[in-house]
Number of protein chains: 2
Amino acid sequence: MRIGELAARAGTTTRTLRYYESRGLLPARRAGNGYRTYDESDLRLLRQIRTLQDFGFDLEETRPFVECLRAGHPEGDSCPASLAVYRRKLDELDSLIGQLSGVRDTVARQLARAELAAEAEAPGGPEPQCELGGDW
Amino acid sequence: MRIGELAARAGTTTRTLRYYESRGLLPARRAGNGYRTYDESDLRLLRQIRTLQDFGFDLEETRPFVECLRAGHPEGDSCPASLAVYRRKLDELDSLIGQLSGVRDTVARQLARAELAAEAEAPGGPEPQCELGGDW
DNA sequence: TGTTGCCTTGACGCCAGGGGCAAGGATTAC
DNA sequence: GTAATCCTTGCCCCTGGCGTCAAGGCAACA
């Protein structure tokens with residue numbers, strides 16, 4: 001199959017496939033006319049890449065999975081290098097989520113404080129909000 | 001005060017201050033010789049920007065806070081536009097944290113599954129890990 | 001008078017992951 | 001025959017927030 005068909009079947013673009021090839025991630029055979037040629041196994045590699053990318057893995061992090069599949073393993077994560085990437089990613093995610101949660105709480109506190117200050121500055125203002133019900 | 005001093009006092013660089021100016025975020029007066037001139041209130045604006053940047057706000061999101069201070073309000077978040085940014089950021093953070101948590105759990109499951117498969121494939125292998133204790 | 005040291009503008013680089021276009025060759029359909 | 005698709009390579013563009021020169025001007029101190 002040629003590049004357009006592979007791209008269509010994987011739900012991506014030819015530009016992306018050429019980019020992966022330029023990174024050495026998904027090299028293609030060439031037909032006599034210079035056209036890139038792919039087979040079903042390439043589709044499998046490509047799907048592995050896209051799945052991990054959807055998880056937020058960057059391209060380099062998908063490399064061990066791709067090489068694992070190319071080496072004949074049944075799954076991209078059947079190799080130690082892939083497991084190492086999983087573990088590192090898990091740590092990264094935990095750290096990032098922790099950080100973001102901290103920021104989230106800080107922002108929430110700032111918001112609450114600023115809202116209180118605004119309400120104090122505009123007493124009996126335009127937003128009584130929830131007291132004693134509205135007109136419904 | 002000139003640009004180098006302001007940068008030093010805010011813990012940032014002159015390049016950064018010129019960049020902010022190019023974005024219209026922190027314009028400077030000019031001395032007769034063309035040098036940028038700042039005062040204490042600029043330092044305050046700059047600190048507001050840096051604080052929000054540290055929270056992961058991008059530059060444009062800091063603009064309402066800066067304008068609020070410049071308008072004479074005691075705090076950068078004393079204005080409705082700033083509160084709106086807080087709320088939007090809070091939503092973004094919640095959404096992002098939720099997404100990342102989902103990915104985290106997926107990766108964790110994949111890792112556990114792949115580790116089990118690897119162990120099944122190498123029975124009595126090199127990592128008995130926690131059963132019946134080691135040599136200690 | 002030189003030599004630092006700060007200042008000015010302008011311009012390119014960088015990171016990822018491609019988008020988009022140009023100029024041309026190959027193939028296929030009618 | 002020729003028009004419509006496909007394919008090729010190569011090149012510049014984009015985002016954010018600056019870093020890093022480069023070439024030159026201004027100020028202060030010895």
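Here is how names work: the chains are called A, B, and so on, in the same order as the sequence lines, proteins then strands, and each is numbered from 1.
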Peer 1: Are A:L52 and A:V66 connected, step by step, through hydrophobic side chains (Ile, Leu, Val, Met, Phe, Trp, Tyr) whose heavy atoms are closer than 4.5 Å?
Peer 2: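 No, A:L52 does not connect to A:V66 through the hydrophobic network.
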
Peer 1: Measure from CZ on B:R29 to C1' on C:dT8 and round the result to the nearest Å.
Peer 2: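 Taking CZ of B:R29 and C1' of C:dT8, I get 18 Å after rounding.
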
Peer 1: With heavy atoms under 4.0 Å as the rule, sort A:R18 into base, sugar-phosphate or nothing.
Peer 2: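 Base, at least one base heavy atom under 4.0 Å.
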
Peer 1: Determine yes or no for a side-chain-to-main-chain donor-acceptor pair under 3.5 angstrom, with A:D39 supplying the side chain and A:D42 the backbone.
Peer 2: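 Yes, A:D39 side chain to A:D42 backbone: donor-acceptor pair under 3.5 Å.
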
Peer 1: Would you say D:dG19 has OP1 or OP2 under 4.0 Å from some side-chain N or O of B:T16?
Peer 2: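 Affirmative; the distance criterion is met.
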
Peer 1: Looking at A:T62 and A:I49, would you say the former's side chain and the latter's main chain have a donor-acceptor pair under 3.5 Å?
Peer 2: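 Judged by distance alone, no pair lies under 3.5 Å.
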
Peer 1: Just the rounded figure in Å: distance from P of C:dT9 to OH of B:Y35.
Peer 2: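 In whole Å, C:dT9 P lies 11 Å from B:Y35 OH.
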
Peer 1: Quick test of your reading of the model: are A:R88 and A:E92 salt-bridged, counting only N-O distances below 4.0 Å?
Peer 2: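 Salt bridge: yes.
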
Peer 1: Using the side-chain heavy atoms of A:L59, tell me which of these nucleotides is nearest: D:dG25, D:dG17, C:dG17.
Peer 2: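 Of the options given, the side chain of A:L59 lies nearest C:dG17.
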
Peer 1: Is there a side-chain contact between B:T13 and the phosphate of D:dG19, meaning an N or O under 4.0 Å from OP1 or OP2?
Peer 2: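 Yes, because at least one side-chain N or O of B:T13 sits under 4.0 Å from OP1 or OP2 of D:dG19.
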
Peer 1: Rounding to a whole Å, what distance do you find between A:I3:CD1 and C:dG18:C1'?
Peer 2: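 Checked: the CD1 to C1' distance equals 13 Å.
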
Peer 1: Respond yes when some side-chain nitrogen or oxygen of B:R36 is under 4.0 Å from OP1 or OP2 of C:dT8, and no when none is.
Peer 2: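 True: B:R36 side-chain N/O within range (under 4.0 Å) of C:dT8 OP1/OP2.
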
Peer 1: In this structure, how many angstroms lie between the P atom of D:dG17 and the CG atom of B:D58, rounded?
Peer 2: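 From B:D58 CG to D:dG17 P: 5 Å.
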
Peer 1: Verify the contact: side-chain N or O of B:R50 to OP1 or OP2 of D:dC18, cut-off strictly under 4.0 Å; return yes or no.
Peer 2: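 So the side-chain polar atoms of B:R50 do come within 4.0 Å of the phosphate oxygens OP1 or OP2 of D:dC18, strictly under.
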
Peer 1: CZ of B:R2 versus P of C:dG5: gap in Å, rounded?
Peer 2: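 In whole Å, C:dG5 P lies 14 Å from B:R2 CZ.
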
Peer 1: Toward the 5' end of DNA chain C, which comes first, A:N33 or A:Y20, by nearest nucleotide?
Peer 2: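 Checking each residue's closest nucleotide, the 5'-ward one belongs to A:Y20.
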
Peer 1: Taking CD from A:E21 and C1' from C:dG18, how many angstroms apart are they, rounded to a whole number?
Peer 2: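 The answer, rounded to whole Å, is 15 Å.
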
Peer 1: Could you tell me the separation between the CD atom of A:Q53 and the P atom of C:dG17, rounded to a whole number of Å?
Peer 2: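 My rounded result for the distance is 5 Å.
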
Peer 1: DNA chain D: A:G34 or B:Y19, which has the more 5' nearest nucleotide?
Peer 2: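 With A:G34 and B:Y19 compared, the 5'-side residue is A:G34.
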
Peer 1: Any side-chain heavy-atom pair from B:Y35 and B:I3 closer than 4.5 angstrom?
Peer 2: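 SC-SC contact between B:Y35 and B:I3 ruled out.
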
Peer 1: Nearest whole angstrom, please: distance from the P of C:dG25 to the CZ of A:R30.
Peer 2: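 After rounding, the gap between these two atoms is 17 Å.
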
